[in-house]
**Student:** 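Structure incoming, see below.
First listed ligand is number 1; within each ligand, the first listed atom is number 1. If you read the sequence from its start, that first residue is 1, and numbering goes on from there.
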Amino acid sequence: MTIGAPTRAALQVEDAMLAVGMNGEPLPVEHGFPVRMLIPGLYGYVSACKWLTEIRATTYETFDAYWVERDWAAEAPIKIAARIDTPAALRTFPAGRRPIAGVAWAQTRGIARVEVKVDDADWVQARLSPEVDADLWRQWVLPFDFAPGQHQITVRAT
Ligand SMILES: Nc1nc2c(c(=O)[nH]1)N[C@H]1C(S)=C(S)[C@@H](COP(=O)(O)O)O[C@H]1N2
Ligand SMILES: [Mo]
């Protein structure tokens with residue numbers, strides 16, 4: 001495996017690191033023991049090489065990493081995203097009040113707002129957990145009174 005990251009991201013992104021531990025313990029093998037790279041804000045295939053053996057300073061013109069050879073983008077900043085975790089898709093549950101909830105993330109930028117739309121109703125702002133760090137997921141929740149029937153839930157984050 002070869003994984004190529006921009007030098008400026010490795011040097012300038014706050015918390016870009018070569019990681020040797022996780023949760024106070026040596027890195028687990030499946031997460032890259034003995035050492036891996038980690039750059040917040042970039043997808044794993046362009047930033048997070050595990051089981052590191054070598055770092056080479058080169059250029060995008062002279063070297064294509066593994067996935068770039070397979071036509072993936074050479075540079076890939078993580079896109080803002082939000083996810084609905086509950087209710088799960090296609091589940092059946094009693095009508096009435098229950099939380100719609102999930103997580104949202106936009107590494108290095110942070111989440112300002114999460115809104116939820118049920119069926120054809122207007123967007124409603126969800127409650128957000130406190131921001132611990134712009135690089136971390138935010139949980140969001142919106143209690144909702146479900147009428148009987150089938151519903152379509154959409155989420156968007158800013
Ligand atoms: N050596 C090596 N490192 C790798 C990969 C790999 O296939 N081989 N996959 C990358 C991708 S695409 C991701 S998303 C992350 C996933 O590992 P993690 O869950 O430990 O972050 O590892 C990255 N580092
Ligand atoms: Mo990935």
**Student:** Any heavy atom of Leu52 closer to ligand 1 than 4.0 angstrom?
**Tutor:** no
**Student:** How many angstroms lie between OG1 in Thr2 and CZ in Phe63, if you round to the nearest 0.5 Å?
**Tutor:** 4.0 Å
**Student:** Would you mind checking which non-hydrogen protein atom is closest to atom 12 (S) of ligand 1, with the distance to 0.1 Å?
**Tutor:** Tyr45 N, 3.5 Å
**Student:** Nearest to atom 4 (C) of ligand 1, what protein heavy atom do you find, and at what distance?
**Tutor:** Ile3 CD1, 3.6 Å
**Student:** Got the closest protein heavy atom to atom 20 (O) of ligand 1, with its distance?
**Tutor:** His31 ND1, 2.6 Å
**Student:** May I have the step-by-step check of side chain to side chain contact (heavy atoms under 4.5 Å, CB included) for Ile39 and Val46, ending in yes or no?
**Tutor:** CA-CA 9 Å; Ile39 304 178; Val46 294; over 6 Å; no
**Student:** What residue and atom, counting heavy atoms only, is the protein's closest point to atom 23 (C) of ligand 1, and at what distance?
**Tutor:** Ala48 O, 3.4 Å
**Student:** Do the side chains of Leu52 and Arg36 get nearer than 4.5 Å, heavy atoms only?
**Tutor:** no
**Student:** Does any N or O of ligand 1 fall below 3.5 Å from an N or O anywhere on Trp51, backbone included?
**Tutor:** no
**Student:** Using a cut-off of 6.0 Å, state whether more than 12 heavy atoms not belonging to Glu14 lie near its atom CD.
**Tutor:** no
**Student:** Is the count of non-hydrogen atoms from other residues, nucleotides or ligands lying under 6.0 Å from Glu115 atom CD greater than 12?
**Tutor:** yes
**Student:** Is atom 9 (N) of ligand 1 near the protein, in the sense that some protein heavy atom lies at less than 4.0 Å from it?
**Tutor:** no
**Student:** So which protein heavy atom does atom 14 (S) of ligand 1 come closest to, and at what separation?
**Tutor:** Gly44 CA, 3.9 Å
**Student:** Rounded at 0.5 Å granularity, tell me how far CG in Leu18 sits from CG in Leu27.
**Tutor:** 11.0 Å
**Student:** With His151, which of Phe146, Phe144, Phe93 fulfils ring pair (Phe, Tyr, Trp, His ring centres under 6.0 Å)?
**Tutor:** Phe146
**Student:** Going by the closest heavy atom to atom 21 (O) of ligand 1, which one wins out of Arg36, Met22, Lys50, Met1?
**Tutor:** Arg36
